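Report on one structure; see the data block that follows.
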Amino acid sequence: MPMMMGAPLPVSMFNLPLLVSKLGGNDGAEDQRNALGIISHLSFWGSGERVAAVTSAGAIPPLVQLLGSGSAAEVQEKAAQALWGLSRVDAMNAVAIAAAGAISPLVQLLGPGSPAGVREKAAGALETLAKNRENAVTIVAAGAIPALLQLLSRGSSAEATSAAAALWCLSQNDENAAAFAAAGAFPLLRASRAMASFLRLRWFLLAAILAILAALYVKVVHG
C-alpha cells in the first residue's frame, strides 16, 4: 500500500492486531514487510492517538525481535524507526521498549556492519530511550558511547546528527560522565563540532560537552 512520508495515515484504516501478528513472518516475508511498513509509518509519523493504537495492539515485542541479526537490513531499519517514533511520542513506551530488550540490539546496529540508514535509525531510537534516566545507564553499559562517537566521524550527516543527539541525551545523566571521559569523548566531540556544518549538529555537540564537563566538575568538587 503506497504511503506518503510525513503524511500520517488514519489509524482507523488498518486492523492493527492483524498487522502486528504478521510481524513474525509466519505469513511470508512480503506480508511481514508490508505490515512493518505500515506500523513503522504510523509509529514514526503518527500522533499520540496513532502511537497508542500501535502499542495497544502489542507491537513493541515483535518490533524488538526484528532488530536481531536474523533480520534483513531493511527490516531492521523499519523496526528501529518504529521504536524511535513510539518512544519519542510517549515516555512510557521508552520504558516498555527497554524492558522488551531493545537496547542491546540497537547498540549492535550502530556498528560498521550495518548500512547507514540502519545506524541512523538505531541512534535515533537510542536518543529517545536515553531520555529515561535508567535507560541511559543501561545504554552506556551496553557500549553505546564508543559506537556513537564513531558515527560522528565516519557516518553521514544524518547519522552524525542522530548520534550527537543520543550523546547529548546520555550526557544529561551525571552517572555517565566517567564513561564519556573513559571513552576519550572530549577530543572527538570537539573535533566533530569544529567540522560540523549543520547548526543542529553543532548545538547537540556543544550541549554534550558542557553537560559532561559540568558533571565532572561536580564530581571533583563534591567527591
Side-chain angles (χ1 to χ4, degrees), residues 44 80-81 83-99 101-112 114 116 118-223:
F44 192 75
Q81 177 175 275
L83 294 169
W84 183 2
L86 294 176
S87 55
R88 180 180 59 194
V89 172
D90 188 335
M92 291 304 298
N93 286 342
V95 176
I97 290 167
I103 289 175
S104 180
L106 284 170
V107 172
Q108 292 298 315
L109 291 178
L110 299 175
S114 298
V118 174
R119 293 195 297 262
E120 177 200 351
K121 306 305 189 304
L126 289 169
E127 172 208 345
T128 51
L129 292 177
K131 292 178 181 179
N132 175 279
R133 193 171 184 84
E134 291 184 9
N135 285 354
V137 173
T138 305
I139 290 168
V140 169
I145 290 177
L148 290 167
L149 289 170
Q150 286 296 312
L151 289 187
L152 294 179
S153 58
R154 72 159 184 250
S156 64
S157 59
E159 290 175 77
T161 301
S162 288
L167 289 166
W168 170 66
C169 286
L170 292 172
S171 73
Q172 303 308 297
N173 189 333
D174 295 349
E175 297 178 49
N176 292 333
F180 273 101
F186 291 107
L188 286 169
L189 290 170
R190 287 198 299 267
S192 297
R193 185 172 185 274
M195 296 175 60
S197 58
F198 294 99
L199 181 61
R200 185 167 179 262
L201 174 55
R202 290 173 61 85
W203 186 93
F204 281 130
L205 292 170
L206 177 60
I209 291 169
L210 293 176
I212 298 164
L213 287 174
L216 289 173
Y217 174 79
V218 170
K219 188 176 182 65
V220 169
V221 170
H222 298 286

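Remember, predicted model here, so these are calculated numbers, not experimental data.
When all heavy atoms of L170 and A136 are compared, the pair lying nearest together is CD2-O, 3.6 Å. In this structure, R154 and G111 approach most closely via the heavy-atom pair NH2-C, 3.6 Å. Closest non-hydrogen pair, A144 versus L110, comes out as O-CD1, 4.4 Å. When all heavy atoms of S87 and L83 are compared, the closest pair comes out as OG-O, 2.8 Å. Of all heavy-atom pairs spanning W84 and E127, the tightest one is NE1-OE1, 4.2 Å. Residues S171 and A211 share a closest heavy-atom pair of OG-CB, 3.5 Å.
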Pair up each side-chain donor or acceptor in residues 186-196 with any protein partner under 3.5 Å, not counting sequence neighbours, and list the distances.
residue: S192; atom: OG; partner: L188; partner atom: O; Å: 2.8
residue: R193; atom: NE; partner: R202; partner atom: O; Å: 3.4

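With a 4.5 Å cut-off on side-chain heavy atoms, I97 and T128 do not count as touching. Using a 4.5 Å heavy-atom threshold, the side chains of N173 and V140 count as separate.
Between the side chain of Q150 and the backbone N or O of P146, no donor-acceptor pair lies under 3.5 Å. Checked by atom type and distance alone, the side chain of N93 pairs as donor or acceptor with a backbone atom of L86 at under 3.5 Å. Of the possible donor and acceptor atoms, one in the side chain of R88 sits under 3.5 Å from a partner among the backbone N and O of F44. Formation of a donor-acceptor pair under 3.5 Å by the N135 side chain with backbone atoms of A94 is found in this model.
To the nearest 0.5 angstrom, C169 atom SG is 5.0 Å from K131 atom NZ. The CG atom of L199 sits 10.5 Å away from atom CG of L206, with the distance rounded to the nearest 0.5 Å. Interatomic distance, CD of Q172 versus CG of L167, reported as 11.0 Å (0.5 Å rounding). Summarising the geometry, atom CG belonging to L106 is positioned 5.0 Å from atom CG belonging to L126; distances are rounded to the nearest 0.5 Å. Note: L129 CG to T138 OG1 = 10.0 Å, rounded to the nearest 0.5 Å. Distance check: S162 OG to L201 CG gives 10.0 Å after rounding to the nearest 0.5 Å.
Under the side-chain hydrogen bond (donor to acceptor under 3.5 Å, both in side chains) criterion, E159 pairs with R119, S156, not counting sequence neighbours.
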